[in-house]
Amino acid sequence: MAWTNEELASRFAEIATLLKLTGADRFRVRAYERAASAIGAAPVDLGTLSPEEIAELKGIGESTARKIAEYRETGTIAMLEELRARVAPGATELLKVPGLGPKTAILLHERLGISGVDQLREALEAGRLDGLPGLGPKTQQNLREALDRLGAKEDGRVPAADALSLAEELRARMAAVPGVVDAAYAGSLRRMRETVGDIDVLVASDDPAPVMAALRDSDLVVKVLAAGDKKTSVLTVRGLQADLRVVAPEEWGAALVYFTGSKAHNVRIRERAVRRGLTLNEYGVFDKETGERLAGRTEAEVYAALGLAEIPPPLREDTGEVEAAAEGRLPQVVTLADLRGDLHGHTDWSGDGKAGLPEMLEAARARGLRWWAVTDHAEDLTMNGLTRERMLAQRAEIERLREQLPDLEILHGAELNIGLDGSVDYDPDFLAGYDFTVASVHTLFRRSREEQTRRIITAMHNPHVTAIGHPTGRKIGIRPGYDVDVDALIAAAVETGTALEINASPRRLDLSAEWVRRAVEAGATLTISSDAHSVGDLDNLRYGVLTAQRGRATPDSILNCRDVEGLRAFVAAKRERWS
DNA sequence: GCCGTTTTCGGCCCGACTGTTTTCAGTCG
């Protein structure tokens, strides 16, 4: 079964871009952009639906449905081919230059025949842009600098893992400025997208000037891109743009909604506001007739004024969440407060753990967890693994610590290694001594899809394997992971009663939100696991929760939302059924 | 091109900032 949505979405996005370059009506362009996003986010493979069913999806009408059918039948779309023939091949890359939009791209092409960034560079150097309307010396200089930055990075987005610490640092510095009531990072980072294009920091204060100055003068900033009374944009040391917006405290909720996005979500709720005789902007919800202010201090207040339940940030992608919130059928997604324990964590008993067992346990307890599974590496991982003897010694140590930490339940587990044949470390009797195990692939990534899939499914049939760790092995921005049929893993997880991990490390987020959604729909049980190697890593659980929210997972799908008896019952059920 | 608490046509989100515009267009988010 081919999964064609992503491919289709990119074709429609291309149509939208090409239409812009032909000067098409902007609403028509927006319709294609919406169609692309609706296709990309559809929870079912459009290859399996009839044209009538496809046209029922929000944002997809008759015309788009016809083009989808055409693409399925012929492998292409005539309109797209015509546009490709009309627009010069390099023209779309002009739109990737910050500050250069469709109007300027068309102007450059019509007046100077420019249809690519290299041609633009040459024309700038030769002074051929002089005298064109709207392209004075400042604009030309901005274009030169934008072209230089464009050459320095491959694409504009970086893994969220690379932006989080900088965002947190910026937030903390802004929060420390006198007069600041609240500070948060927003944008795609708050929605927990896997990659982000910039960092958005929002501050509530009645005195914006010192906050703006604190950012401009920061040692984290290499260039100020724009500086106004309400908004400042800078380029940071890591080449990532950061936008700062300061609002009054009573505007905080409205600004947080606006700055968190997504853009498509904002457009959707503003349309809803207009239909109800209201105006929504970053300062609040207002009555259109009287101008009276109706909401703005909190996000919940803003959504309520629009007749909506509060929508968790990861769901704000205009993929049906607004309609669901209006009809009271928003999924009650898992929250950090729902987590009672953590099922994957390391100590310095493993070669790669950085903190001692007592420290890790105390840190888990301090974060409000009721139980914590110690899962150091098993012996087959030669560098970091523990022998049987060391494992038994650790178990004895845990026994002692249980008396010292009466309000934290300690589970003794292990992170097992899945061999190429699907076997795991130790023998069945030894494995039966663990309270819980997670089994992961750590070696031989470059095997075929069939081998990898068979390997993991075989491990799932082991009665002592409770969960599969980081099921695809990817590291965002570093490596794609091994080739594996995740749909088959999900089916086997349901069949065998094995849990699938949502590894909460921002570098992994594995399973991804898209796979979480499909696993939840298939009825699988998931874990949200920190995979902590240090005390601070325990805070990564929140990124796992946000990923689970993006995948619309509710607490009943998440193993670590159960109390410890519930967890033990899950482990026992699988052992009894398959032993 | 899509869509309907204004329902099959006439609308389609809203504001900040920049530069070159002497009142606003273009771009961005």
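Per chain, numbering begins at 1; letters A, B, ... match sequence-line order. Worth saying up front: this structure is predicted, and the values here are computed from it rather than measured.
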In whole angstrom, give me the gap between the [atom1] atoms of [N] and [M].
N: dT7(B); M: dC2(B); atom1: C1'; answer: 13 Å
N: dC12(B); M: dT6(B); atom1: P; answer: 13 Å
N: dT8(B); M: dC3(B); atom1: P; answer: 15 Å
N: dT23(B); M: dT18(B); atom1: C1'; answer: 15 Å
N: dT21(B); M: dT27(B); atom1: P; answer: 16 Å
N: dC13(B); M: dG29(B); atom1: C1'; answer: 12 Å
N: dG15(B); M: dG10(B); atom1: C1'; answer: 25 Å

Nearest heavy-atom neighbours spanning [X] and [Y]:
X: R270(A); Y: L280(A); answer: NE-O, 3.5 Å
X: T92(A); Y: P89(A); answer: OG1-O, 3.9 Å
X: E168(A); Y: R171(A); answer: OE2-NE, 3.1 Å
X: A305(A); Y: R276(A); answer: O-NE, 4.4 Å

I'd like to know if E14(A) pairs up with R84(A) as an ion pair, taking the criterion as any Lys NZ or Arg NE/NH1/NH2 lying under 4.0 Å from an Asp or Glu carboxylate oxygen. yes

Measure [atom1]/[X] against [atom2]/[N] and give the value in whole Å, please.
X: F27(A); N: dG1(B); atom1: CZ; atom2: C1'; answer: 12 Å
X: I39(A); N: dC2(B); atom1: CD1; atom2: P; answer: 10 Å
X: D229(A); N: dG15(B); atom1: CG; atom2: P; answer: 17 Å
X: L80(A); N: dG1(B); atom1: CG; atom2: C1'; answer: 16 Å
X: D318(A); N: dC2(B); atom1: CG; atom2: C1'; answer: 13 Å
X: K230(A); N: dC14(B); atom1: NZ; atom2: P; answer: 16 Å
X: D25(A); N: dC12(B); atom1: CG; atom2: C1'; answer: 9 Å
X: L132(A); N: dG26(B); atom1: CG; atom2: C1'; answer: 15 Å

Starting from the C-alpha separation in whole Å, work towards a yes-or-no answer on side-chain hydrogen bond (donor to acceptor under 3.5 Å, both in side chains) for E7(A) and Y71(A). CA-CA 10 Å; E7(A) 211 174 287; Y71(A) 185 77; 2.8 Å; yes

Assign each of A65(A) and Y283(A) the nucleotide of DNA chain B bearing its closest heavy atom; nearer the 5' end lies the nucleotide of A65(A)

Comparing nearest nucleotides in DNA chain B, the 5'-proximal residue of the pair R28(A), G228(A) is R28(A)

Atom pairs under 3.5 Å, N or O on each side, protein against nucleotides 5-7 of chain B: can you list them with distances?
unit_1, atom_1, unit_2, atom_2, d
dT6(B), OP1, R275(A), O, 3.4

When you compare the side chain of T260(A) with that of R191(A), does any pair of heavy atoms fall below 4.5 Å? yes

Member of R30(A), R272(A), R268(A) meeting the salt bridge (Lys or Arg N to Asp or Glu O under 4.0 Å) criterion with D318(A): R268(A)

Strictly by modelled atom types, are S512(A) and R518(A) linked by a side-chain donor-acceptor pair under 3.5 Å? no

Atom pairs under 3.5 Å: protein N/O with N/O of nucleotides 27-29 of chain B:
unit_1, atom_1, unit_2, atom_2, d
dT27(B), OP1, G101(A), N, 2.7
dT27(B), OP1, G101(A), O, 3.0
dT27(B), OP1, T104(A), N, 3.0
dT27(B), OP1, T104(A), OG1, 2.5
dT27(B), OP2, K103(A), N, 3.2
dT27(B), O5', G101(A), N, 3.4
dC28(B), OP1, G99(A), N, 2.6
dG29(B), N7, K263(A), NZ, 3.4
dG29(B), N2, Y258(A), OH, 3.3

Using Watson-Crick or G-U wobble geometry with both distances below 3.5 Å, tell me the partner of dT8(B), or none. none

Please confirm whether the shortest side-chain N or O distance from [X] to OP1 or OP2 of [N] is below 4.0 Å.
X: R34(A); N: dC12(B); result: no
X: N266(A); N: dC14(B); result: no
X: T139(A); N: dT20(B); result: yes
X: K288(A); N: dC14(B); result: yes

Pairs of donor and acceptor atoms involving the side chains of residues 104-114 of chain A, under 3.5 Å and at least two apart or interchain, shall be tabulated with distances.
none

E317(A) and H265(A): side-chain hydrogen bond (donor to acceptor under 3.5 Å, both in side chains), yes or no, with the steps? CA-CA 5 Å; E317(A) 299 287 354; H265(A) 175 86; over 6 Å; no

Of the candidates dC13(B), dG15(B), dC2(B), the side chain of R30(A) sits closest to dC13(B)

